[in-house]
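Some notes on the structure that comes next.
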Amino acid sequence: EIQRATEDGGLKAIAAPRGTGKTSILIRASMWAVMTGRKRYVAMISAEEASAVGNLLVVKNEMCFNEQLIEHYGRETWCVRQIDGQPQRASRQHWDGTRTGVRCEKTLMDFGTIPDCKTSGAVITSVGITGRIRGQFSMTIDGEVTRPDFLLVDDPSTKASAESLTMNNKRHSIMMGDCLGLAGPGVKISGFCSCTVITKNDLADRLLDRTLSPDWNGDRVLMIIKWPNWMEGWQEYNQIRVEVLQAGKDRSKSTKFVMDHAERLHAGAEVYWEHRKADDDVSALHHAMDLYFRDPAAFASEFMNDPMEIGLGSPYDLKAAEIARRICGLGRSQVPDDVDKVTAFIDVQDKVLFFTVVAFNTKGRGYIVDYGCAPDQQTFHFSKTNIQYTMAQIFGDDFETYLRSGLEWLVEAIMTNDYTTESGATVNVDKVAIDGRWGESTKIIRDFIKESKHRARLVLSMGMYVGANSEKWQQL
């Protein structure tokens, strides 16, 4: 795919499992592109400036010390090799009495100009995605101005940026604007991006989405393409694996189980790389299953490149409809016919409002009818540390303003929503309790309830934390 993008043009984004060697591949691709004369100006982009500097340092070291490379591309690497890592030598370097113009800086390498050489005037730059990307150009000793004609993007997100809506928006804007505009007015740049999806809707996830970013023509590479048929066997293996780890023993017992049942354990499975395994692994699938059992959530994002599919694309293939049928058999926003009251509760927090709608019958049995948060996070799996959409972003920066606006929107949505019984009748929420215990929110919520047009159906709730070290319930 890199060769195709280099020779035929266009853009391509591929998410590969962590540890596939994406960075090493891109570094060598930048060298191959310029030393074979396919490209004259390669711009490498990394998640951080430190990574970018490190990548270009690898290029410099390869040019100077890789004997096989020098054997095949001695002329192409000559200018860089001769300055021997000392930039001050560059200005004094000549070929046949003419300055070569070679430069070897922290984030830029100009290969210099010598006759009959494919790298004459070629440039490789390497910068962080939030660094100086715009306006890149170079000038040869003949006065020719060149701009980037090939873009190589290496894992453009950090874990911190992937969990931040603001940082994701900024980096996506840079990718689609600054990076793709490097070639200059009226010129299309070709490029390749290797990435790993960390969280739902992060930069990598957006680039791979062919609806959101069709130009990048994204593809996801899964470590386990097809799960094995006998997952019960792998569960039994994991029990043995955990037991020996807890006992501080070596893994020979668990490995023996895989060897003894190898054919059945591997039946139906397909992995992306048969040789990706440690020396003491029976197979690549064995290695992958260890990673899966170690942390299923991390495996889904880091090695399957699809955080949203945690559980859904797993060996168990759980279906929401099947789970609902085992509980009460009703879908979301549906209530049983014997329901007498429908209530809701809103838990107030700084960034979002969580809510639950529960219906009760006369016998005291409750049914969860609906739940969620405002603003909607567009995902079922998130934690407090990676909330992406906040009230402040939507309703304003002032705490009272966004809390009041958020409550007004959510209460109106709950109160005006029609819930349907099994027989088709429509019921509405009778009472909504709003948590008012949290710090500076108490007075704001009291005033909101008093002023709301739904005040007759609103109740202030003063929640209390009860933990393991708190007073017993009987003593409260």
Side-chain angles (χ1 to χ4, degrees), residues 1-2 13-28 47 51 154-155 157-159 162 193-200 202 204-205 208 218-318 381:
E1 291 292 348
I2 296 176
I14 292 183
R18 187 73 67 189
T20 302
K22 300 186 293 295
T23 300
S24 295
I25 292 171
L26 289 193
I27 289 173
R28 274 71 187 181
S51 300
D154 174 36
D155 258 340
S157 293
T158 64
K159 187 170 180 59
C193 173
S194 67
C195 55
T196 300
V197 180
I198 300 174
T199 64
K200 169 62 181 173
D202 68 0
D205 202 28
L208 297 167
D219 282 317
R220 301 171 195 256
V221 178
L222 312 182
M223 175 170 271
I224 300 180
I225 301 171
K226 293 181 180 178
W227 292 89
N229 298 332
W230 191 37
M231 278 305 299
E232 294 82 359
W234 281 108
Q235 291 290 348
E236 185 177 346
Y237 156 77
N238 189 48
Q239 291 178 1
I240 300 172
R241 184 185 75 90
V242 171
E243 288 173 2
V244 297
L245 287 173
Q246 291 174 341
K249 299 179 181 178
D250 62 43
R251 56 181 297 192
S252 57
K253 183 179 180 181
S254 58
T255 303
K256 185 177 184 302
F257 179 88
V258 178
M259 297 176 67
D260 291 345
H261 302 84
E263 183 174 351
R264 191 177 178 190
L265 286 169
H266 290 75
E270 182 181 349
V271 295
Y272 88 114
W273 187 5
E274 289 289 351
H275 298 288
R276 179 165 182 174
K277 64 185 187 70
D279 292 339
D280 56 349
D281 291 324
V282 175
S283 64
L285 178 63
H286 181 197
H287 177 74
M289 293 304 296
D290 276 353
L291 293 173
Y292 169 73
F293 286 126
R294 183 182 300 166
D295 189 333
F299 184 80
S301 60
E302 300 285 319
F303 300 99
M304 298 295 279
N305 283 296
D306 198 352
M308 284 296 294
E309 292 296 326
I310 297 175
L312 298 179
S314 75
Y316 306 103
D317 200 21
L318 298 178
H381 304 282

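Quick note: residue numbers are just sequence positions, from 1.
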Derivation of the side-chain contact (heavy atoms from CB on, under 4.5 Å) call for I224 and L285: CA-CA 8 Å; I224 300 180; L285 178 63; 4.3 Å; yes

Atom CE of M231 and atom CG of N238: how far apart are they, to the nearest 0.5 Å? 9.0 Å

Separation between CG (L245) and CD (E243), nearest 0.5 Å, reads 10.0 Å

Answer yes or no: is there a donor N or O on one side and an acceptor on the other, between the side chain of D155 and the main chain of T196, under 3.5 Å? yes

Close side-chain approach of E302 and I198, heavy atoms under 4.5 Å: yes

Within-4.5 Å side-chain heavy-atom neighbours: R251 and D281: yes

I'd like to know if R220 pairs up with D205 as an ion pair, taking the criterion as any Lys NZ or Arg NE/NH1/NH2 lying under 4.0 Å from an Asp or Glu carboxylate oxygen. yes

Is any NZ, NE, NH1 or NH2 atom of the basic residue among D290 and K277 found under 4.0 Å from an Asp or Glu carboxylate oxygen of the other? no

In terms of the angle between their ring planes, are Y292 and F299 parallel, tilted or perpendicular, with boundaries placed at 30° and 60°? perpendicular

What is the minimum heavy-atom distance between R18 and R276, and which atoms define it? O-NH2, 2.6 Å

Validation row: M289, W227 side chains within 4.5 angstrom (heavy atoms): yes

If I compare all heavy atoms of L265 with all of W234, which pair ends up nearest, and what's the gap? O-NE1, 2.9 Å

Any salt bridge linking K159 with D202? Criterion: basic side-chain nitrogen under 4.0 Å from a carboxylate oxygen. no

Nearest 0.5 angstrom please: N305 CG to L208 CG, how far? 7.0 Å

Can you see which heavy atom on H286 is nearest to which on V282, and at what distance? ND1-N, 2.9 Å

d(Y237 OH, H261 NE2) to nearest 0.5 Å is 13.5 Å

Do R28 and S24 touch side chain to side chain, with heavy atoms closer than 4.5 Å? yes

Between V221 and A16 the two heavy atoms that sit nearest each other are CB-CA, 4.1 Å

Compare all side-chain heavy atoms of I2 with those of L26 and state whether any distance is below 4.5 angstrom. yes

Using modelled atom types only, decide if a donor and an acceptor are shared between the side chain of D154 and the backbone of K22 within a distance under 3.5 Å. no

Is the side chain of S301 donor-acceptor paired with the backbone N or O of T199 at a distance under 3.5 Å, no angle test? no

Atom pair CG/NE2 of D279 and H287 - distance to nearest 0.5 Å: 11.0 Å

If every non-hydrogen atom of T20 is compared with every non-hydrogen atom of W273, which pair is closest and at what distance? O-CZ3, 4.2 Å

In Å, rounded to the nearest 0.5 Å, how long is the span from CG of L291 to CZ of F303? 4.5 Å

